[in-house]
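These notes concern the structure reproduced below.
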Amino acid sequence: MRYSKVLIPTLKENPSDAEVVSHRLLLRAGFIRKLTSGVYNYLPLGLAAIRKVERIVREEMNRAGAQELLMPMVQPADLWKESGRWEQYGPELLRFTDRHEHESCLGPTHEEVITDLVRREVHSYRDLPLNLYQIQTKFRDEIRPRFGLMRGREFVMKDAYSFDASDQDADVSYQAMRDAYHRIFSRCGLSFRAVEADTGSIGGSFSHEFMVLAATGEDTLVICQACSYAANMEKARVRPPAGGGDEPVLLALERVETPGKRKVEAVTEFLGISPQQLVKTMVYLVDGRLVAVLVRGDHEVQPVKLKNLLGAVEVELADDDRVFAVTGVPTGYLGPQGLAIEVVADQEVMAMRNFVIGANEKNFHLKNANVGRDFSVAQSADLRQVTEQDRCAVCGGQLELTRGIEVGHIFKLGDKYSRAMQATFQDSEGVEQPFVMGCYGIGVSRVVAAAIEQNHDEHGIIFPLPIAPVQVVILPLGAKEAAITTAAETLYEELGRQGIEVMLDDRDERPGVKFKDADLIGVPYRVTIGKRFVQEGLIECRRRRDGQTETLPMTGAAEHLAGLIRAELAALAVPGRV
RNA sequence: CGGGGCGUAGCGCAGCCUGGUUAGCGCGCCUGCCUUGGGAGCAGGAGGUCGGAGGUUCGAAUCCUCUCGCCCCGACCA
């Protein structure tokens, strides 16, 4: 690859509409250009990076026994109606009607299509297990596309679907994918973590998210320092409160005036107590009805846990007006006693004694409230968000909260789709059974963005070697010197022969320009051929990541560099079960 | 969807409040000279329906209305 022949429109200045690092650098380094909101052109280098990720994904998927196919982007509404998702899926699903008035949509995912294909073509347990995948462009009409490739509307995704004859077999398929994902992200040279996750709208019984660790990540992860437990905030389990100990005397309920005190902080300060002695009553709109959730004053409700407990489709905090309309109580003074709506409680609340609650009357709270005596709850469960003060639910170890970017998500689906769409096979007894499915996604284009979020400095991108668009860039400095040009050409050819992906910066530019561009686009290794070569026959090889530099003679330089690169790649391809 | 902001040369911006002749600046681009180890210098040059439509006015990038596009924040703690 010759720099002068490739479209790499680098930018000196920061584009005004790019906020996050990866977006800014992808634009500046000439990897992408925006076509319209959330939709990007991939320029040669951007595409090269994506291809590198794709290649690793393909190799590991194939190794795990999956087969590649390609499904259409346009899908008929009929299939989505069969699965029930035509109604369930929100406006993210871009729907349209073709000239024959057939309802269609752009595929945000392919469960329906693959299930349809498999039910038509696969009929026997002898054909199982089956794992099919594709790497394809997806379209999701995001509410607010942002952050460049991080949350685009159109993006490249690898999605795989497994079909098994039994639940146990499906677990094996799931585990195989989990292992494959570990290998994939390891081989990409990324620092990542697999966490327990909620299954969300895709449904199914359990799932893991693969998170690239980066301070700028949108998601918060909970990682145990002592054991292997890791989960995202939505899912992260909280240790049940330690029971036993001295049971305090239940004090008499007492109504106290708390004029104008609505927030936990205001109430507790006014009453001279700590937030741990107060229970707040949060009201949620759960599939159209109101539900009150009790959590300790210093805790926060985790809506996804609530959603799962109630088996709800949609859960959101109810607005003040609505709460007042139904309960007749202004927010801030709500309490569980005599409340006209369903009340559920976080497990922590059940262990509390003599706490403060709202009195269901403006400007009043109740002291020394107790569950059972003063009010009852319909259900209680772990409904709150973990904090760094909590201990690991599994081993009691110290928890750490850190941020990450979701790049992969695997689900065990069970028979949700196969049952809805009547996708069955005959088992060994000749009985029709629905397939047990799993689905496994990787945001390929997002991996590139996440890699940059995780690996960059003030000069630009620092690509992990395995997914860099090119591995080595050669900078001949001084176009006038025939010796330099010749040496650069020779090295370029030799590296090519060694199977190294190399770019020759053959532009007639001043050194500074070449250095800046090489840094910006993040090429892992840079070879400079300049003055020292003319004088001493030495060239300089510098590693982008840490600036480590070695000067070496031309002879053997290509082999040496190729050796370094091969060793570095091999070191990442560690693998095996997790 | 709600709130805020921005659309002026390929990119980044000024000008707009307080209307007035040829609409500026930096980067980039083209030509020439010069320069060559961290985004050089000099000289010359090309490039604009000021997002679009309508209106006010003698006169609109500037004021008004509508419209399109884009960006940011929010859509969580009583």
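As a basis for the values below, the full set of heavy atoms in this structure was taken, side chains included, without hydrogen atoms, waters or symmetry mates.
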Which atom pairs, donor and acceptor, lie under 3.5 Å between side-chain atoms of residues 548-557 of chain A and protein residues at least two apart or in another chain?
unit_1	atom_1	unit_2	atom_2	d
A:Thr549	OG1	A:Gly547	O	2.8
A:Glu550	OE2	A:His560	NE2	2.8

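- With sequence neighbours excluded, the residues satisfying side chain to side chain contact (heavy atoms under 4.5 Å, CB included) with A:Arg507 are A:Tyr3, A:Ser4, A:Asp505, A:Glu509, A:Val513, A:Lys514, A:Asp517.
- Residue pairs meeting the ring-ring contact (aromatic ring centres under 6.0 Å, His included) criterion with at least one member in residues 14-48 of chain A, sequence neighbours excluded: A:His23-A:Tyr40, A:Phe31-A:Phe463.
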Validation: residues 521-535 of chain A side-chain donor-acceptor distances under 3.5 Å, sequence neighbours left out:
unit_1	atom_1	unit_2	atom_2	d
A:Tyr525	OH	A:Glu568	OE1	2.6
A:Arg532	NE	A:Glu536	OE2	3.2
A:Arg532	NH2	A:Glu536	OE1	3.3

Given A:Ile223 and A:Leu399, is the side-chain contact (heavy atoms from CB on, under 4.5 Å) satisfied, shown in steps?
CA-CA 6 Å; A:Ile223 294 176; A:Leu399 291 180; over 6 Å; no

In the 5'-to-3' direction, what one-character label does each nucleotide of nucleotides 37-44 of chain B receive under the scheme B = base within less than 4.0 Å of a protein heavy atom, S = sugar-phosphate only, - = no such atom?
BBBB----

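- Comparing B:rG52 with B:rC42, their P atoms sit 35 Å apart, to the nearest whole Å.
- Pairs passing the ring-ring contact (aromatic ring centres under 6.0 Å, His included) check and including a residue from residues 353-388 of chain A, sequence neighbours excluded, read A:Tyr333-A:His365.
- Heavy atoms of A:Val267 sit nowhere under 4.0 angstrom from any nucleic acid atom.
- Each of A:Gly478 and A:Val301 lies near RNA chain B, and the nucleotide nearest A:Gly478 is the one positioned closer to the 5' end.
- The separation between A:Asp298 atom CG and B:rC77 atom C1' is 12 Å, rounded to whole Å.
- When the ring-ring contact (aromatic ring centres under 6.0 Å, His included) test is applied to A:His299, no partner is found at least two apart in sequence or on another chain.
- The side-chain hydrogen bond (donor to acceptor under 3.5 Å, both in side chains) analysis of residues 368-381 of chain A, with sequence neighbours excluded, yields the pairs A:Asn354-A:Asn370.
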Just by protein heavy atoms under 4.0 Å, how would nucleotides 69-75 of chain B read 5' to 3' in B, S and -?
-SSBB-B

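- Using a 4.0 Å heavy-atom distance criterion, A:Ala318 is classed as a base contact.
- Residue contacts shown for A:Lys263 are limited to sugar-phosphate atoms, with no base heavy atom under 4.0 Å away.
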